[in-house]
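These numbers come from the heavy atoms of this one structure, side chains and all, not from hydrogens, waters or symmetry mates. Below, chain A is the first sequence line, B the second, and so on; all start at residue 1.
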Amino acid sequence: MQSDFLSISCGVAVESTLSFKLQSHMNQVRKQYPFAQFEPRWQQFWLENRTFRAADPGEPGSEKPKYYVLDMFPYPSGAGLHVGHVEGYTATDILARYKRARGYNVLHPMGWDAFGLPAEQHAIKTGTHPRITTKQNTDNFTRQINSLGFSYDWQREVNTTDPAYYRWTQWIFIQLYKRGLAYVAESPVWFCPALGTTLAEEEVLQTDDGPRSERGDHPVERRNLKQWMLRITAYADRLLKDLDTLDWPESLKDMQRNWIGRSQGAEVVFTVKCDNPPTTGEGEWKVPAPDKVTVYTTRPDTLFGATYMVLAPEHPLVATITTDAQRAEVDAYIAASRNKRDRERIDLSRAKTGAFTGAYAINPVNGAEIPIWIADYVLMTYGTGAIMAVPAHDERDFEFAKTYSLPIIEVVAKPGAGGQGASSVASVTAASGLAVVGAAAAAGLGASTAESGVTAVTDAEDGACFSGDGISINSGEFSGLPTEEVKTRIIAWLEERGLGCGRVQYKLRDWLFCRQRYWGEPFPLIWKDGEHSAVDEAELPVLLPEMADYQPSPDGAPPLSKATDWVNRGDGTMREVNTMPQWAGSCWYYLRYLDPKNPDKMVDPAKEKYWMGDKGVDMYIGGAEHAVLHLLYARFWHKVLFDIGAVSTPEPFHKLYNQGMITGSDGAKISKSAGNGASPDEVVAEYGADAMRLYEMFMGPLNQKKAWNTQNLEGPYNFLGRIWRLLMIENQEGEWTLHPKVAATADAPVPDEMTRALHIAIDGVTRDIDNMAFNTAIAKLMSLYKDTLSKAEVLPRSVVQTVLVLLAPFAPHMAEELWWQVGNREAGASPDGMTTLSYIPWPVADPKWLAVDEVEMAVQVNGKVRGRVTVPVNAAEPDILAAAKAAQGVDEWLAGKTIRKNIVVPKRLVNFVVG
RNA sequence: GCUCGCGUAGCCCAACUGGAAGAGGCGCCUGACUUAGAAUCAGGAGGUUGAGAGUUCGAAUCUCUCCGCGAGUACCA
């Protein structure tokens, strides 16, 4: 029953009757220590004394080395702080407090990513202005964050919706615009009817139910719209290359590499042979018949194996090359494929479909005529929208060729496959050669591959298709050479003749950078006669106009278009009415923290140089869900700012760490409807902030997914209670005072074994924090308590204070309170003489206490432990072996055996291998 | 389908990177304190490291093949 109540207590939605029972139960649970009294007291102390203020260059404290530890700032939602926020913020807080104690000038700021859809949707529903909602939410987040004792420098708070902030977002946009990195284009873009706005590629997820919005999970569709784009592709190569310089999780770098999707290949020009040129029907040329079509391929080495060509259905040449005979079929296919898109469904079966245009292309390397098809497995948005199909060496082409009985020619032999395949190919080539292909192609659809004889040289019958590297065959002068070499040679061959060239291609698309919403940064742009220009920088910020009605227009026009006084500037120019996407403000907020109130500059160069140093942010912690969104966008903006000299590092975030997601008790994502979550407010009320922080760090490795379990929370909570009761004692009135065994023996000598245990703990905790292994650091503190502190008759103050400094990053309130209770007071600092331990130097483990004289080693015979032996730590190998042979239990296993090999692992074990 | 990560005690997790399977916590059991329970304190039990092969004197750790869970990605030529 008890655990039921506890788990219910953490649910977001609690029914009133249960909630009542819960209360009565909770009241019975005795608080292990009076956290409700001292936690708020220290939070107030820190705020009032600006304990965590970071020193800007020139100020006292700035002579220390800097350490910039950053959280991904939150979107202040109405739901309030989430246990996932607490996880990341606790981790950075531990580092911030640890680094302060280690003598660093620590920058640890917090702010609000406050533009965005939820506030606007709430506004549409309730009529409350997003600004009001945002203020309420940031107030609530601030309260919750402070209730957890995070050591932010609140003097540096930023808010993306503050005109003094977004003025500089607009300024950066103008710099992009001036450099030609922002442009308007009409293209097929993602549109979300439910959200009433376009979305970037990165904001659309491909799901089993078709493409859907990353935010809100609504269906999205392709529409041809005129939109503002940012030319992030111009930075594709640098964004890719500089990943190598970053200390990020390899998996995250892979995701960015994958998204950027660099591939190296070639463009090849094919000549179109159109025996039956298209006409308008009155016998006139519709357009001049095209005579060239360019394809992109990453496998130019397989050019001899191209047996047909495929254009995307949207390819502009389709209309002009299609023969009259094929026109009906082609038009029907185009219509069907467009319809397929509109059905917002992904075809999981991947059945390949297409239509023959009636036209042929001529392969530049061998003059073979190959049929030109259209198929929706070729995308207009990648490469040239046209491919040469090599069914023998490409899975997709292979499937398509099988479906439509197109010829398949093998031109790459598997390495090490032996001479059999190669020779059979060679003989067929010699006998029939490419002429067979031409004949098959000319025969068109009707030609069966069996009749053509081509399949004899392929693996088609066993359903195989070899897409790896190998040795070229059947490829004229290139036969016999390995794939890589053939690629180079064929590209050179094509380039010499003007028939193609090497080319690098990226998957990354330009960034769709405008939204048809109200609650976002207005663009600093004006229009006149269809021409756009940037406003003068002196006009910034371009303020969001006050509006009574921020409903989207039924015709799809952005809400700002209704603010006519704002749109029409009176001089014949009109303002741009789109707004920027939410990512804009988060692209550079880490820079504004450095100089948050500067009215004249985005950031003062001296401050930027000091805080960003050589490598930028020293530690950035957040979830992996932003891998190809925020983290890619911010790197792009930062590089542009670097290019214009506004920042001094090529990358913004040198070290990045991904926190693992905290799921509900059922392992599923925490949601209100599932009721599987925990609310930080409730946990803090019941167990206190220190216990919540300690538990979230104790759950497991920071970078792994973990399930919330309130029962497990009681472990760290009990530990804090034990530490408290170790030093404090409760009288009959329920007041806590310092325990006599601490107070009476302040100057007591420290037993060697206690000193040793303390130094082992210092060493272990320090290394664990440096390795972000907070769970094991906490376990080491628990061991120190259990094995040493709890057993001590007297607790020397020096030991207690060291323990409190070690505890402080994890449980800062209790550490501060006990620090004060054991007598660290300062007259005048506060009415009670409160003084912080935040800047007390971190203890250093003395190696002499870590050293041991003797070690116990395991003695194995043939890998099985048969005894143990204690030897001096620096014993020589012969001595160890002698002792090991004599060890009890070992001798009998060695009796009468020949030792063939001795293995000695210093300080660990001895293994005798006997025959 | 492809890529990557993870499987250790009933549960959450350690294991110095190839060297005695166990640091810590939850739960469970025993004892102390209690009229009794709760809380607290002291102690204890608990194992084929997902399965199978391989490398090695020695494998939780390295290699391969499966199984299970999770994340990313999805016709990118």
Side-chain angles (χ1 to χ4, degrees), chain A residues 2-3 28-30 32 205-207 249-252 254-255 258-259 261-263 265 295-299 302 310 346-348 350 352 375-379 381-390 393-397 399-400 467 505-509 624-625 627-628 660-661 663 667 694-695 698-701 703-719 721-722 725 764 767 773 775-787 790 856-868 900-914:
Chain A
Q2 181 190 341
S3 62
Q28 290 168 13
V29 177
R30 185 173 155 279
Q32 295 230 25
L205 307 174
Q206 299 297 333
T207 71
E250 211 47 45
S251 60
L252 196 87
D254 274 346
M255 282 169 69
N258 208 291
W259 190 261
R262 183 182 198 272
S263 70
V295 302
Y296 174 73
T297 178
T298 56
R299 292 296 299 271
T302 61
V310 186
I346 191 156
D347 189 359
L348 290 173
R350 291 280 161 76
K352 298 282 182 292
D376 61 6
Y377 81 89
V378 172
L379 309 176
T381 46
Y382 184 79
T384 59
I387 64 156
M388 62 179 212
V390 186
H393 305 291
D394 181 283
E395 295 283 353
R396 298 150 300 184
D397 298 343
E399 268 183 50
F400 190 84
S467 57
Q505 178 71 34
Y506 297 94
K507 279 202 270 185
L508 183 70
R509 315 276 163 82
E625 66 273 19
V628 292
M661 192 171 54
T663 67
L694 206 63
Y695 169 58
F698 189 66
M699 290 173 87
N703 59 6
Q704 270 175 38
K705 189 183 119 167
K706 294 158 293 254
W708 182 270
N709 180 337
T710 302
Q711 207 168 44
N712 283 349
L713 187 152
E714 306 224 358
Y717 177 59
N718 289 338
F719 166 67
R722 289 182 191 117
R725 291 188 303 271
R767 276 185 304 153
N775 53 330
T776 52
I778 293 164
K780 285 176 174 112
L781 290 172
M782 289 173 168
S783 294
L784 178 65
Y785 167 82
K786 199 165 127 174
D787 300 337
S790 70
E856 189 183 56
M857 295 175 70
V859 182
Q860 298 180 336
V861 178
N862 282 348
K864 289 210 164 63
V865 179
R866 300 301 184 189
R868 313 155 201 245
R900 294 193 311 187
K901 198 171 177 186
N902 298 316
I903 290 152
V904 178
V905 182
K907 300 181 196 176
R908 284 275 162 197
L909 60 72
V910 176
N911 187 14
F912 295 111
V913 184
V914 300

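Nucleotide B:G72 is matched to B:C2 when pairs are restricted to Watson-Crick or G-U wobble geometry with both distances under 3.5 angstrom. In this structure B:C41 sits in a base pair with B:G31, meeting the Watson-Crick or G-U test at under 3.5 Å. The base-pairing partner of B:G52, taking Watson-Crick or G-U wobble contacts with both distances under 3.5 Å, is B:C64.
Of the candidate nucleotides B:C75, B:A14, B:G70, B:A14 has the atom nearest to the side chain of A:P701. Counting only heavy atoms from C-beta on, A:W259 has its side chain closest to B:A74 among B:C57, B:A74, B:A77. Taking the side chain of A:I387 as heavy atoms from C-beta on, and the options B:A77, B:G72, B:A23, the nearest nucleotide is B:A77. Looking at the side chain of A:N775, the nearest of the listed nucleotides B:A77, B:C12, B:C13 is B:C13. Of the candidates B:C57, B:C13, B:C41, B:C41 carries the atom nearest the A:R722 side chain, counting heavy atoms from C-beta on. When the nucleotides B:A77, B:A14, B:C4 are ranked by their closest atom to the side chain of A:T776, B:A14 comes out on top. When each of B:C41, B:C57, B:A77 is scored by its nearest atom to the side-chain atoms of A:I903, the top-ranked nucleotide is B:C57. Closest to the A:N911 side chain, of the nucleotides B:G58, B:G24, B:C75, is B:G58.
Distance noted for atom C1' between B:G37 and B:U49: 40 Å (whole Å). Rounded to the nearest Å, the gap between the P atom of B:A51 and that of B:G68 is 15 Å. Taking the P atoms as reference points, B:C64 lies 16 Å from B:G18, given to the whole Å. Separation of the C1' atoms belonging to B:G27 and B:A45 is 13 Å when rounded to the nearest angstrom. Between the C1' atoms of B:A15 and B:A23, the separation comes to 8 Å (whole Å). For the C1' atoms, the distance from B:A9 to B:G44 is 14 Å, rounded to whole Å. Going from the P atom of B:G19 to that of B:U61 covers 11 Å, rounded to whole Å. With both ends at atom P, the span from B:A77 to B:G5 equals 23 Å, rounded to whole Å.
When heavy atoms are screened at a 4.0 angstrom cut-off, A:R509 is found touching base atoms of the nucleic acid.
Considering only residues two or more places apart in sequence or on other chains, A:N718 meets the side chain to side chain donor-acceptor pair (under 3.5 Å) condition with A:Q32.
In this structure, CG of A:N258 is placed 10 Å from C1' of B:C2, rounded to the nearest angstrom. Atom pair A:E714:CD and B:A39:P shows a separation of 9 Å (rounding to whole Å applied). Counting to the nearest Å, the C1' atom of B:G19 and the CD atom of A:Q860 are 7 Å from each other. Taking atom NZ of A:K706 as the reference point, atom P of B:C12 lies 14 Å away to the nearest angstrom. Taking atom OH on A:Y717 and atom P on B:G27, their separation rounds to 14 Å, with Å as the unit. Going from atom CG of A:L694 over to atom C1' of B:C12 covers 14 Å, rounded to whole Å. The nearest whole Å value for the distance from the CE atom in A:M699 to the P atom in B:A14 is 12 Å.
Nearest-nucleotide positions on RNA chain B for A:Y695 and A:Y506 put A:Y695 closer to the 5' end.
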* Show the numbers, then the answer: is there a side-chain contact (heavy atoms from CB on, under 4.5 Å) between A:Y695 and A:I778? => CA-CA 10 Å; A:Y695 169 58; A:I778 293 164; over 6 Å; no
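Side-chain atoms of A:R299 and base atoms of B:A77 include no donor and acceptor less than 3.5 Å apart. Taking only distance into account, the side chain of A:Q32 never meets the base of B:A39 through a donor-acceptor pair shorter than 3.5 Å.
A sub-4.0 Å separation between OP1 or OP2 of B:G25 and a side-chain N or O of A:K786 is present. Between A:R725 and B:A39 there is no side-chain N or O to OP1 or OP2 distance below 4.0 Å. Phosphate contact (OP1/OP2 of B:A77, side-chain N/O of A:S263, threshold under 4.0 Å): present.
Judged by the 6.0 Å and 45° rule, A:K352 forms a cation-pi pair with A:Y377.
Annotation: the span from A:D394 atom CG to A:I387 atom CD1 amounts to 6.5 Å, rounded to 0.5 Å.
In terms of heavy atoms, A:V628 sits closest to A:W259 at CG1-CB, 3.5 Å.
With a glycosidic angle no more than 90° from 0, B:U17 adopts the syn conformation.
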